[in-house]
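Just so you know, residue 1 is the first one in the sequence shown, and it goes up from there. Quick caveat, the model's predicted, so the values are computed rather than measured.
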Amino acid sequence: MKTFRIFFLAALCVACSSTEDDNTEKRVDPTGPKTYVMTIDADKGNDTRALSLDDKKLNSTWAQGEEVTVYNVTKSADISGSLVAQSSGASTTLKGTLTGTIEEGDELKLKFLSPNYDSQEGTLEYIAANCDYAEATVTVASVDGGNITTTGTAAFANQQAIVKFVLKDEGNSPLSASSLKVSNYANSCTVTLTPASNEIFVAIPGFSDNLITLTASAGGNTYDFAKTGVTFANSSFHIITVKMTQCVDLASVTSEHAGKIIGTDGKLYSHVLCAVAAGTTPSAMVGYVGDKNGTWGTAGASYSSTYNHGLAISLNNVGIGGSEESEYMNSASAGSAATNYQRARPSNCSGWFLGSLNQWYQIMGSFSSPSLKDKFGTVGGTNLYSNSYWTSSNGTENSSYTKSYSFASNKVFEGNSTQTAYVRAFFAF
């Protein structure tokens with residue numbers, strides 16, 4: 001049985017060449033697949049496969065019988081057969097019979113295990129058996145009588161990062177989760193934990209300067225976390241303490257939740273991907289939260305006595321007729337585009353509508369760094385363009401005109417029915 005640790009793969013003995021008498025007639029082999037024997041020494045270095053934890057270091061060892069497949073990079077061809085570890089320990093000899101076409105000078109890629117990252121169990125043992133994926137590249141030095149030797153060492157390197165997440169709640173107490181979903185824009189995996197735990201090992205394909213989101217189920221509640229600019233290099237090991245945020249109901253929203261994603265399940269999430277990971281549809285972003293008993297809207301008039309808690313704004317521009325396409329449109333089309341917006345909403349909220357200039361001001365006042373214009377991109381939406389957006393407010397000097405707000409000049413303009421601008425839809429809660 002294999003154990004897991006983090007050194008990462010280093011040295012492979014190369015083997016030898018044989019000589020021929022110059023007067024010996026050289027045999028010309030027929031073309032086509034042939035059978036070869038390959039033997040190569042393999043050591044576990046400081047950037048190989050993983051997995052047993054020693055303080056903050058993962059250590060790696062071979063287990064007798066583990067198999068390594070071979071791919072001919074030069075000829076873009078799979079090689080049948082495999083190399084088998086002859087012993088257990090930090091170093092071993094890989095030996096096996098291969099069938100294919102291999103010639104002197106060919107570059108061979110040695111692969112250990114085909115990984116499955118989608119569903120994991122949160123332990124090093126599970127990663128070792130199901131997610132451990134390492135590669136090494138060697139060059140063929142000679143093919144003599146069906147025996148293959150190589151020119152240098154085979155340095156196996158992990159093709160994933162391994163991360164130990166230590167989960168805490170907002171009070172800094174351990175948060176024991178029964179499940180954890182880890183996502184970025186390229187990959188996601190779901191970890192199911194029995195029993196629940198706040199220390200969770202996850203194998204993740206490496207990435208650089210990217211978003212990562214965590215969504216956890218713990219004690220019947222949902223918690224999440226999102227961070228941009230994260231790098232997990234292949235072959236790396238990390239121990240990371242994460243302070244998770246509980247995904248509260250929309251009814252419990254406060255001004256501190258401005259910028260959170262509202263799911264159609266009526267909960268607040270840190271990012272669009274967190275909402276998706278929780279199994280709900282991201283509907284809008286919290287734009288403004290006021291006094292539950294107060295009013296908001298043009299001239300202080302409430303939009304509805306039922307929905308006077310706050311305002312939500314669509315994550316993307318709205319198209320003509322309420323589509324998800326971003327379209328420039330005239331003021332006559334703006335109102336119907338907003339009210340017919342197709343994105344689903346949670347229950348106990350108003351319908352979509354075109355916000356007034358005052359409502360735009362209230363939402364803009366909720367954000368400073370980043371500003372409203374650039375906030376959407378940080379939570380998985382589309383940032384506002386440096387263009388004008390229609391409001392539902394009539395012109396001051398000419399009531400037949402409609403006011404728009406320009407994020408290019410940060411000014412209000414009044415346009416007639418022939419002029420165009422973009423639309424964002426609002427709803428009240």
Side-chain angles (χ1 to χ4, degrees), residues 163 165 167 170 180-188 204 207-216 222-232 240-248 250 252-278 280-289 310-318 324 326 341 343 345-346 355 359-387 389 405-408 410 422-427 429:
V163 185
F165 291 109
L167 306 186
E170 292 169 283
L180 177 71
K181 187 161 187 175
V182 182
S183 306
N184 61 24
Y185 285 117
N187 299 284
S188 67
I204 304 171
F207 60 87
S208 177
D209 194 23
N210 206 335
L211 164 82
I212 188 168
T213 65
L214 278 65
T215 308
T222 302
Y223 295 79
D224 70 9
F225 172 85
K227 184 175 177 60
T228 58
V230 175
T231 295
F232 289 150
I240 299 176
T241 299
V242 181
K243 185 174 287 188
M244 307 288 286
T245 301
Q246 185 175 347
C247 301
V248 300
L250 189 57
S252 303
V253 68
T254 69
S255 60
E256 294 181 354
H257 293 113
K260 291 285 189 179
I261 298 300
I262 302 173
T264 53
D265 60 355
K267 292 186 179 296
L268 302 183
Y269 296 91
S270 297
H271 194 278
V272 163
L273 290 185
C274 295
V276 172
T280 190
T281 299
S283 182
M285 184 179 79
V286 176
Y288 167 77
V289 179
L311 291 167
I313 182 170
S314 62
L315 293 163
N316 306 292
N317 291 343
V318 178
E324 296 275 4
S326 176
Y341 186 40
R343 181 62 67 102
R345 293 167 292 102
Q359 289 164 345
W360 270 101
Y361 280 149
Q362 287 177 308
I363 292 178
M364 284 188 276
S366 298
F367 303 91
S368 56
S369 181
S371 67
L372 174 65
K373 177 179 177 295
D374 298 320
K375 176 61 180 178
F376 295 91
T378 68
V379 293
T382 303
N383 285 334
L384 296 172
Y385 296 167
S386 295
N387 298 91
Y389 283 79
Y405 187 87
S406 170
F407 285 91
N410 292 318
Y422 287 106
V423 170
R424 287 279 169 133
F426 293 31
F427 67 74
F429 56 87

Taking C-beta and beyond as the side chain, do Lys267 and Ile262 meet within less than 4.5 Å on heavy atoms? no

Is the distance between the ring centroids of Phe225 and Tyr223 less than 6.0 Å? no

Just verifying a value: how many Å separate Ser326 OG and Arg424 CZ, rounded to the nearest 0.5 Å? 7.5 Å

Residue set satisfying ring pair (Phe, Tyr, Trp, His ring centres under 6.0 Å) with Tyr341, at least two apart, ordered chain then number -> Trp352

Quick one: does Thr231's side chain have a donor or acceptor within less than 3.5 Å of a partner on Asp209's backbone? yes

Give the minimum heavy-atom separation between Ser386 and Lys373, together with the two atoms involved. OG-CE, 3.1 Å

Cut-off 3.5 Å, side chains only: do Ser283 and Thr264 have a donor facing an acceptor? no

Minimum heavy-atom distance between His271 and Gly380, given as atom pair plus value: NE2-N, 3.4 Å

Measure from the ring center of Trp360 to the ring center of Phe407 and say whether it is less than 6.0 Å. yes

Would you check if Val272 and Leu315 make a side-chain contact, meaning some heavy-atom pair closer than 4.5 Å? yes

Smallest heavy-atom separation, Ala258 atom then Ser366 atom, equals CB-CB, 4.0 Å

What distance separates Met285 CE from Phe367 CZ, expressed to the nearest 0.5 Å? 4.0 Å

Leu180 vs Phe165 side-chain heavy atoms within contact, under 4.5 Å: yes

Determine, step by step, whether Val379 and Tyr269 satisfy the side chain to side chain contact (heavy atoms under 4.5 Å, CB included) criterion, reporting the C-alpha distance in whole Å, the side-chain angles of both residues, the deciding distance to 0.1 Å, and the verdict. CA-CA 9 Å; Val379 293; Tyr269 296 91; over 6 Å; no

For Glu170, what residues pass the side chain to side chain donor-acceptor pair (under 3.5 Å) criterion, not counting sequence neighbours? none

Exercise: identify the closest heavy-atom pair between Ala284 and Ile313: CB-O, 3.3 Å

Is there a side-chain contact between Val286 and Phe429 in this structure, where contact means two heavy atoms from C-beta onward sitting under 4.5 Å apart? yes

To the nearest 0.5 Å, how far apart are CD1 in Ile212 and OG in Ser188? 11.0 Å

If I compare all heavy atoms of Phe207 with all of Leu211, which pair ends up nearest, and what's the gap? CE1-O, 4.3 Å

Does the side chain to side chain contact (heavy atoms under 4.5 Å, CB included) test come out yes or no for His257 and Ser255, once each step is laid out? CA-CA 5 Å; His257 293 113; Ser255 60; over 6 Å; no

Heavy-atom distance under 4.5 Å between the side chains of Phe427 and Leu311, does that happen here? no

To the nearest 0.5 Å, tell me how far Met364 CE sits from Leu384 CG. 9.5 Å

Looking at every heavy atom in both Ile261 and Ala275, which two are closest together, and how far apart are they? CG2-CB, 4.4 Å

Please examine the side chains of Thr382 and Asn317, heavy atoms only from C-beta on, and report whether any two atoms are closer than 4.5 Å. no

Judged by atom type as modelled, is there a donor-acceptor pair below 3.5 Å linking the side chain of Arg343 to the main-chain atoms of Pro282? yes

Going by heavy atoms in the side chains, are Thr378 and Thr228 under 4.5 Å from each other? no

Using 0.5 Å steps for rounding, measure from the CG atom of Leu268 to the OG1 atom of Thr222. 11.5 Å

Going by the rule ring pair (Phe, Tyr, Trp, His ring centres under 6.0 Å), which residues pair with Phe376 if we only count those two or more places apart in sequence or in a different chain? none

Is it true that Ser270 and Lys260 share a donor-acceptor pair across their side chains at a distance under 3.5 Å? yes

CG (Asp265) and OG1 (Thr281) are apart, to the nearest 0.5 Å, by 9.0 Å

Begin from the C-alpha positions of Val163 and Ile240 and carry the test side chain to side chain contact (heavy atoms under 4.5 Å, CB included) through to its verdict. CA-CA 7 Å; Val163 185; Ile240 299 176; 4.0 Å; yes

Could you tell me whether the side chain of Asn184 reaches within less than 4.5 Å of the side chain of Phe232, counting heavy atoms only? no

Under 3.5 Å side-chain donor-acceptor pair for Asp224 and Thr215: no

Output yes when a side-chain donor or acceptor of Asn383 lies under 3.5 Å from a complementary backbone atom of Gly377, and no otherwise. yes

